[in-house]
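Before any comments, here is the structure.
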Amino acid sequence: MSENSSSAAPTVLRLAQYTKADQEEILGKSDDPFGVAWTGLTWRPKEDHFGIRRDARLVAHTGLLRLPVAIGATETEVVGVGGVAVAPDMQGQGLARLVVTAALEHARTMGPQYALLFCRPPLMPLYQRLGWHPLDTDVLVEQPEGRLATMPLRTMVTPLRDDVRWPSGPVRLFSLPM
């Protein structure tokens, strides 16, 4: 895959790594680039990264991570989606859709049947347009020192297979949130 020029259609690239400098290239320098510091949560870094470059500048990102979870009495894994970012001057061009869609295509090869993300309520319509569904149940997530916390952000899920439906029951992530 080649880098994009500003006149070419955006291409999603698999990134070998994603650093704080990469995040700042997209979102600028900020103590709270995702607007979630108020949650007081500790977050887990993603392992697989996808991005879009324009004129050699990284302008969009999505990260993935396999995570253990319990849904009701069933223990399974989900693909956590996080770190979705689009440069403020590039928003409204469909880049979030492109980078999230490419990441989900990869997620379908990772094994789990579902993808899960946490988002601020104003972003829910974007994810719903991309096929995500909000959960109507609290989600417990692990935090340092063995603490459990109720996720204060909205939890959304999407199937990674055509023939699956999210089961009912309480949800617990056996991990820091992503």
Side-chain angles (χ1 to χ4, degrees), residues 1 3-4 6 10-67 69 78-107 110 115-135 138-145 147-158 173 175-178:
M1 291 184 240
E3 288 193 3
N4 305 319
S6 56
T11 301
V12 178
L13 309 166
R14 179 92 183 259
L15 305 174
Q17 63 179 2
Y18 183 70
T19 66
K20 179 75 171 165
D22 293 324
Q23 179 181 300
E24 289 176 352
E25 185 175 4
I26 298 171
L27 297 174
K29 292 188 180 200
S30 171
D31 291 336
D32 189 13
F34 294 99
V36 297
W38 63 270
T39 66
L41 296 174
T42 299
W43 301 84
R44 187 170 166 186
K46 276 51 82 188
E47 294 178 351
D48 295 301
H49 302 278
F50 299 84
I52 297 173
R53 292 190 183 279
R54 279 277 171 96
D55 297 324
R57 174 183 163 216
L58 190 62
V59 297
H61 169 266
T62 297
L64 301 176
L65 178 67
R66 283 177 69 134
L67 298 167
V69 64
V78 295
V79 176
V81 176
V84 178
V86 175
D89 63 325
M90 302 296 288
Q91 291 177 1
Q93 299 180 31
L95 300 181
R97 178 184 49 81
L98 288 172
V99 76
V100 169
T101 298
L104 288 177
E105 286 174 17
H106 178 75
M110 295 172 69
L116 178 143
L117 64 79
F118 302 114
C119 77
R120 293 178 291 120
L123 297 175
M124 288 178 59
L126 164 69
Y127 290 108
Q128 286 175 310
R129 285 192 301 275
L130 298 176
W132 293 80
H133 307 281
L135 290 183
D138 287 338
V139 175
L140 293 176
V141 297
E142 292 186 358
Q143 287 294 281
E145 301 170 4
R147 291 183 301 117
L148 283 179
T150 300
M151 174 53 68
L153 300 173
R154 287 304 307 261
T155 303
M156 299 186 79
V157 297
T158 193
L173 192 63
S175 166
L176 295 174
M178 63 296 147

Would you indicate whether the side-chain heavy atoms of Val141 and Val139 approach each other to under 4.5 Å?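 Side chain of Val139 against side chain of Val141, heavy atoms only: contact under 4.5 Å found.
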
Taking salt bridge (Lys or Arg N to Asp or Glu O under 4.0 Å) as the definition, give me every residue that meets it alongside Arg97, ordered by chain and number, with sequence neighbours left out.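 Per chain and number, Arg97 pairs via salt bridge (Lys or Arg N to Asp or Glu O under 4.0 Å) with no residue.
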
Do you know which two heavy atoms are closest between [X] and [Y], and how far apart they sit?
X: Ala87; Y: Arg57; result: CB-NH2, 3.1 Å
X: Gln143; Y: Pro177; result: NE2-CD, 3.4 Å
X: Glu142; Y: Leu148; result: CG-CD2, 4.0 Å

First locate atom [atom1] of [X], then atom [atom2] of [Y], and finally report the distance between them rounded to the nearest 0.5 Å.
X: Asp22; Y: Leu15; atom1: CG; atom2: CG; result: 7.0 Å
X: Thr101; Y: His106; atom1: OG1; atom2: NE2; result: 15.0 Å
X: Glu47; Y: Tyr18; atom1: CD; atom2: OH; result: 16.0 Å

For the NZ atom on Lys29, are there more than 12 heavy atoms of other groups (residues, nucleotides or ligands in this structure) within a distance under 6.0 Å?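 Result for NZ/Lys29: open.
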
By side-chain hydrogen bond (donor to acceptor under 3.5 Å, both in side chains), which residues pair with Arg44, not counting sequence neighbours? Ser175

Say whether, by atom type as modelled, one donor and one acceptor occur between the side chain of Asp32 and the main chain of Ala37 under 3.5 angstrom.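 Yes; at least one donor-acceptor contact below 3.5 Å.
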
Without swapping roles, check the side chain of Arg154 against the backbone of Met124 for a donor-acceptor pair under 3.5 Å. no

With a 3.5 Å cut-off and sequence neighbours excluded, list the donor-acceptor pairs that the side chains of residues 58-65 form with protein atoms.
from: His61; atom 1: ND1; to: Gly83; atom 2: O; distance (Å): 2.7
from: His61; atom 1: NE2; to: His49; atom 2: ND1; distance (Å): 2.9

